[in-house]
2 protein chains.
Amino acid sequence: MNKGSVNKRPTIVDVATHAGVSTAAASKVLRNAYGVSSEMKAKVQASMQALGYRPLASARGMRGRTHTVAVVVADLHNEFSSLLVEGIRRECERQKYRLLVAPAGSGKNAQDRMVEDLIDRGMDGIVLISPLGTDSELETMARNIPVVVLGRHGASPDFDSVAADDFAGANLVVDHLVSLGHRQITYVNHTTEGTNDARLPEEVRVRGYVDAMIRHGLGDAIDIIQSQWSQEGGEQSGRLILSRAKRPTAVFAGCDVAAFGVLTTMWNAGIRVPEELSVAGFDNIFTTSLAPISITTIDQSGLDMGAAAGRLLLERIGGRTEAVSSVVRPTLVARKTTAAPMQSSNEFPPAHGATTVSTEM
Amino acid sequence: MNKGSVNKRPTIVDVATHAGVSTAAASKVLRNAYGVSSEMKAKVQASMQALGYRPLASARGMRGRTHTVAVVVADLHNEFSSLLVEGIRRECERQKYRLLVAPAGSGKNAQDRMVEDLIDRGMDGIVLISPLGTDSELETMARNIPVVVLGRHGASPDFDSVAADDFAGANLVVDHLVSLGHRQITYVNHTTEGTNDARLPEEVRVRGYVDAMIRHGLGDAIDIIQSQWSQEGGEQSGRLILSRAKRPTAVFAGCDVAAFGVLTTMWNAGIRVPEELSVAGFDNIFTTSLAPISITTIDQSGLDMGAAAGRLLLERIGGRTEAVSSVVRPTLVARKTTAAPMQSSNEFPPAHGATTVSTEM
DNA sequence: TAGAAAGTGTATAACGTACTACACGATTTG
DNA sequence: CAAATCGTGTAGTACGTTATACACTTTCTA
């Protein structure tokens, strides 16, 4: 360890000495606080420049702000989360804040511990993406640190929230499919063990599906598969659909990843999409536009949502006290996995290949 | 602001008082430092439990460690990065360290500023994923903070590194294609403006391709397209290939995302894969296994690489001084986009559809 | 059995910044 | 023209933790 070559990092005291002023003055300049003349400001800034001074966040954190915020995300693999994060990041950059991403892992405990750790580490505020937990739990959190909730519905007096209108999104998909002539539309839902929070996106989307079906007079055709929004969940749902004597003409997966799973099953079984079955997703992740059969889906403009969340968080850190709740309008992106159903499609015979499905590599 | 209801956060002084010992003793217990009896330890831990004490990282950071490390990543959209991050995270979790992800954005300046900010924020160490910059720049960094470099080749005395053997990976692909009977194998390379660092993965991979071709006596067939490892770059490469009178029988894209681009072009042009053209990628990102035509690619076991990087970083924070450089052996994942070439495939006529390629939605 | 070593606990000085309180001269007010 | 106000700068302490230095026992060594 060659300590000799390591020049000690300059502190605000060094800056003050170099500029010939008090540390208090230097601190004021740093924070551009009230009570500094323009010449003082110039002098101190010159010294900071000359010494290559950089404020130490750990030390600042003990009394003031660290100028750092974090976004808590369960899973980085989710492309949509990445979009949200990027939106937040850009807004933070604009305002000279640093954004760090905190991968909490799944499960409520893991997320709660992460939030505590972030508070311990002096974050000035946090964004939570689709957090688990009740309103009152989130409100308790929000009393300790500024919080913006992203992708979870419902307003609260204690924290801000930004969410897409999942109800309207689900409506758009059903309207689209009905306008193409579909009447048998199956919905793939996401269910979490022990969680039953009406504010979660999945709950809102399924309500949107049900509502739209009823509105179109298709209440009797409502068909919901309880599954998981994952590749595997989608594949299982697809196999379930194939195993039925009477199949739907369209499948609406509540999430793009699940839609991919459904499609995988169909491709493997030789079912033509969209001729024999229409499939729609939700989220408009990048991959939906990329694959050979591009998926009809709902765009939530993740970048905008993220940016909105970032803006709200920084506002609140800046002092705003009344809560703001913002809803983003989603749009339909019609692509190639949806089309009018075949004439006699309601009754085509079960494919014998349905039981030879394989997802092995 | 109802401050009255906010119980002040307990400090280590509160813990010490509650346990009836000195703060020094409490601190020792917290850090499990040398010089505490087991009864002292039990007593203090009980008090910490009782008060719900949590150490404040900002304060710790002023003198000791924050028990936090960060991984700097240019782009969260890259699925492979997510894998690496997850690997690091798991290792950190095992050792009671917190991992934060620092999205730097692209460009060397942005990355350098991020590293400075992370040092300011008291990180105990950082992992850099495929960083830009020269060895000496990285070494300068590494003298200020423990550094592990991930996905960049070459050892240094000042920092640890973990990389896949990209040379061997490229060899595996070429060997695979040659063993199928291919001789005309085109490589899609990645080039960055003004960067020419032999230690970057892209440089190593292209050398691996060239070397393998020569080894198989196919030196004259070497064909490298200078492009970008992105969807768009892959599509352009695909169009370039289609525009040629004499086409290759196989395309080796140095990155899965680029392979997707190539495939998109082929699908749009009606070229059958792998019958008319074999396509291979590199990275084994999740999407390659998911799509209807699963892509032959190279697996680098990102989770293992990440875990190795995490382990090295924590070791070094723990005091190791000699540098370690670790190389991971990649494996071939043969899927459905590669097969033996058609008999007369070398001279099939240019597809008339080649000029009607469209990537619009 | 004296002296060294090992084990266990404490007092206290940093660490770098923010901010309250105050001092002082210059300006405005009544 | 005295008093109040304003603008600008400083002194000094608090923030929560680590770690060095030391004191006091107890146990080992020669």
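Below, all heavy atoms of this structure are taken into account, side chains as well, without hydrogens, waters or symmetry copies. By convention in this document, chain letters (A, B, ...) are assigned in the order of the sequence lines, proteins followed by strands, and residues within each chain are numbered from 1.
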Task: Test item: A:Glu315 and A:Asp160 side chains (from C-beta on) under 4.5 Å apart, heavy atoms - done: no

TODO: Whole angstrom is fine here: how far is it from NZ in A:Lys28 over to P in C:dA21?
DONE: 14 Å

Open item on the list: Salt bridge check, B:Lys43 against B:Glu39: does any charged N sit closer than 4.0 Å to a carboxylate O?
Closed with: no

Open item on the list: How many whole angstroms separate atom CG of A:Leu56 from atom P of C:dA18?
Closed with: 10 Å

Task: 5'-most by nearest nucleotide on DNA chain C - B:Ser37 or A:Leu30 - done: B:Ser37

Open item on the list: If you compare every side-chain N and O of A:Arg60 against the phosphate oxygens of C:dG16 (OP1, OP2), does one of them come in below 4.0 Å?
Closed with: no

TODO: Looking only at side-chain atoms of A:Ala24, point me to the closest of C:dA11, D:dA11, D:dG7.
DONE: D:dA11

Open item on the list: Starting the side chain at C-beta, find the nucleotide from D:dG7, D:dT17, C:dA6 nearest to B:Pro55.
Closed with: D:dT17

Open item on the list: Starting the side chain at C-beta, find the nucleotide from D:dT10, C:dG16, C:dT10 nearest to B:Met62.
Closed with: C:dG16

Task: Side-chain N,O (A:Arg31) to OP1/OP2 (C:dC19) below 4.0 Å - done: yes

- [ ] Might you point out which heavy atoms bring A:Ser325 and A:Ser161 nearest each other, and give the distance in Å?
- [x] OG-OG, 3.1 Å

Open item on the list: Using side-chain heavy atoms (C-beta onward) and a distance below 4.5 Å, is A:Asp14 in contact with A:Tyr53?
Closed with: no

Open item on the list: Measuring from the side chain of A:Arg63 (C-beta onward, heavy atoms only), which nucleotide among C:dT10, D:dA14, C:dA14 has the closest atom?
Closed with: D:dA14

Task: Nearest-Å distance for atom pair CZ/P, residues A:Arg121 and D:dG16 - done: 17 Å

TODO: Using the closest heavy atom to pick a nucleotide of DNA chain C for each, name whichever of A:Thr11 or B:Ser22 lands nearer the 5' end.
DONE: B:Ser22

- [ ] For the residue pair B:Ile12 and B:Leu30, establish whether any side-chain heavy-atom pair is separated by less than 4.5 Å.
- [x] yes

Open item on the list: Does D:dT10 have OP1 or OP2 under 4.0 Å away from a side-chain N or O of A:Thr23?
Closed with: no

Open item on the list: Does a side-chain N or O of B:Tyr53 approach OP1 or OP2 of D:dT17 to a distance below 4.0 Å, or not?
Closed with: yes

TODO: Let me know the distance between CZ of B:Arg54 and P of D:dC15, rounded to the nearest Å.
DONE: 21 Å

Task: Presence of B:Ser27 side-chain N/O under 4.0 Å of D:dT18 phosphate oxygens OP1/OP2 - done: yes

Open item on the list: Nearest whole Å is fine: how far is C:dC19 C1' from A:Ile12 CD1?
Closed with: 12 Å

Open item on the list: In this structure, how many angstroms lie between the C1' atom of D:dG16 and the CD1 atom of A:Ile119, rounded?
Closed with: 17 Å

Open item on the list: I want to verify a distance call: between C:dT10, D:dG16, C:dT8, whose nearest atom is closest to the B:Met40 side chain?
Closed with: C:dT10

Task: Rounded distance (Å) that lies between atom C1' of C:dG16 and atom CE of A:Met48 - done: 15 Å

Task: For atom OH of A:Tyr34 and atom P of C:dT20, their distance in whole Å - done: 15 Å

